[in-house]
Amino acid sequence: QVQLVESGGGSVQAGESLRLSCAASGRIWRLNNVKWYRQSPGNQRELVARISSAGSSNYVDSVKGRFTISRDNAKNTVYLQMNSLKPEDTAVYYCNADVWYSDGSYYPSVPWGVGTQVTVSS
């Protein structure tokens, strides 16, 4: 089964930090452009940050200066370092990517995982 597995969420106080991980599993050979999204109850899924295969990144305005996306290509893993967390960052965080599979095929996205819950209390 091909999927990305999110981990690292938790419950923290405002101002604290978390680091989320997005790890490839199954037949994924290489992650290309990877995106972190979040969704809170009653809201649409929101793109938070993205990182290209070359390592360039960009962020939604609400997290600029607080979140940092990075990647470890050897581990086929992408991270989201979240500092100075705020209650409004509370959401389920998901990752997705365009990927190359081990059989040489390319897919623009993969099935959504279950995400990882981040809860920030004031």
Side-chain angles (χ1 to χ4, degrees):
Q1 182 177 358
V2 176
Q3 64 182 60
L4 298 175
V5 180
E6 304 95 346
S7 63
S11 295
V12 297
Q13 297 287 321
E16 295 183 341
S17 300
L18 285 171
R19 188 176 82 152
L20 306 184
S21 298
C22 170
S25 68
R27 295 185 293 113
I28 295 177
W29 175 63
R30 191 175 76 188
L31 302 175
N32 286 336
N33 305 292
V34 182
K35 301 174 183 178
W36 277 102
Y37 299 81
R38 65 186 179 187
Q39 187 169 22
S40 55
N43 294 312
Q44 292 188 338
R45 195 165 294 184
E46 172 190 36
L47 177 61
V48 175
R50 71 178 81 191
I51 187 165
S52 73
S53 55
S56 62
S57 59
N58 48 43
Y59 306 87
V60 67
D61 285 347
S62 59
V63 308
K64 283 181 180 177
R66 300 188 298 120
F67 290 12
T68 303
I69 190 170
S70 62
R71 63 191 301 155
D72 184 335
N73 291 331
K75 295 182 179 179
N76 247 352
T77 300
V78 170
Y79 305 98
L80 186 67
Q81 177 67 42
M82 306 188 297
N83 298 330
S84 302
L85 282 161
K86 303 176 180 180
E88 51 264 44
D89 295 319
T90 295
V92 180
Y93 284 72
Y94 303 87
C95 60
N96 212 310
D98 59 302
V99 302
W100 288 97
Y101 287 179
S102 55
D103 63 2
S105 57
Y106 169 83
Y107 286 84
S109 66
V110 299
W112 291 101
V114 299
T116 186
Q117 175 71 47
V118 172
T119 303
V120 185
S121 55
S122 57

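Because the structure is a prediction, the values reported are computed rather than measured. When a residue number appears, it is its place in the shown sequence, counting from 1.
At a threshold of 4.5 Å between non-hydrogen side-chain atoms, the residues Asp98 and Tyr107 do not count as touching. Counting heavy atoms from C-beta outward, Ser57 and Arg50 have side chains that stay 4.5 Å or more apart. Two residues are said to be in side-chain contact when any heavy atoms from C-beta on lie closer than 4.5 Å; Leu18 and Val12 meet this criterion. You'll find the side chain of Val78 reaches within 4.5 Å of the side chain of Ile51, heavy atoms only. Inter-residue side-chain proximity for Trp36 and Tyr94 is flagged as unmet; no heavy-atom pair is nearer than 4.5 Å. Annotation: side chain of Val48 is in contact with side chain of Phe67 (closest heavy-atom distance under 4.5 Å). The shortest distance between side-chain heavy atoms of Gln3 and Val110 does not fall below 4.5 Å. Residues Arg38 and Asp89 meet the side-chain proximity criterion, which asks for heavy atoms closer than 4.5 Å.
Around atom CD of Gln44, no more than 12 heavy atoms belonging to other residues, nucleotides or ligands sit under 6.0 Å away.
Rounding to the nearest 0.5 angstrom, the gap separating the NZ atom in Lys35 from the OG atom in Ser52 is 11.5 Å. With rounding to the nearest 0.5 Å, the separation of OG in Ser17 from CD in Gln81 is 5.5 Å. Taken from OG in Ser121 to CD in Gln13, the straight-line distance is 3.5 Å, to the nearest 0.5 Å. Note that OG of Ser122 is 13.0 Å distant from CG of Leu85, once rounded to the nearest 0.5 Å. Taking SG of Cys95 as the reference point, atom CG of Leu4 lies at 4.5 Å (rounded to 0.5 Å). Taken from OG1 in Thr77 to CG in Leu31, the straight-line distance is 7.5 Å, to the nearest 0.5 Å.
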Starting from the C-alpha separation in whole Å, work towards a yes-or-no answer on side chain to side chain donor-acceptor pair (under 3.5 Å) for Thr119 and Gln117.
CA-CA 6 Å; Thr119 303; Gln117 175 71 47; 3.3 Å; yes
For the pair Leu20 and Val118, evaluate side chain to side chain contact (heavy atoms under 4.5 Å, CB included) and give the outcome as yes or no after the intermediate values.
CA-CA 9 Å; Leu20 306 184; Val118 172; 4.1 Å; yes
Give the C-alpha distance, both sets of side-chain angles, the deciding distance and a yes or no for side chain to side chain contact (heavy atoms under 4.5 Å, CB included) between Ser21 and Glu6.
CA-CA 6 Å; Ser21 298; Glu6 304 95 346; over 6 Å; no
Run the side chain to side chain contact (heavy atoms under 4.5 Å, CB included) test on Tyr37 and Val92 for me, step by step, so that the C-alpha distance in whole Å, both residues' side-chain angles and the decisive distance to 0.1 Å come before the verdict.
CA-CA 8 Å; Tyr37 299 81; Val92 180; over 6 Å; no
Stepwise, does the side chain to side chain donor-acceptor pair (under 3.5 Å) test hold for Asn83 with Arg66?
CA-CA 5 Å; Asn83 298 330; Arg66 300 188 298 120; over 6 Å; no
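Side-chain atoms of Thr116 come within 3.5 Å of backbone atoms of Gly9 as a donor-acceptor pair (strictly under, hydrogens ignored). Side-chain atoms of Tyr59 come within 3.5 Å of backbone atoms of Ile69 as a donor-acceptor pair (strictly under, hydrogens ignored). A distance-only check finds no donor-acceptor pair linking the side chain of Asn73 to the backbone of Asn76 [under 3.5 Å].
No continuous path of ILVMFWY side-chain contacts below 4.5 Å connects Val5 to Leu80, so the two sit in separate hydrophobic clusters. Val34 and Leu47 are members of different hydrophobic clusters when ILVMFWY side chains are connected at heavy-atom separations under 4.5 Å.
Checked for salt-bridge contact, Asp61 and Lys64 meet the test: a charged N lies under 4.0 Å from a carboxylate O.
Taking the six-membered ring for Trp and the full ring otherwise, Trp29 and Tyr101 have centroids separated by 6.0 Å or more.
Judged by the 6.0 Å distance and 45° axis criteria, Arg45 is positioned over the aromatic ring of Trp112. Seen from the ring of Tyr79, Arg71 does not count as a face-on cation partner, given the 6.0 Å and 45° thresholds.
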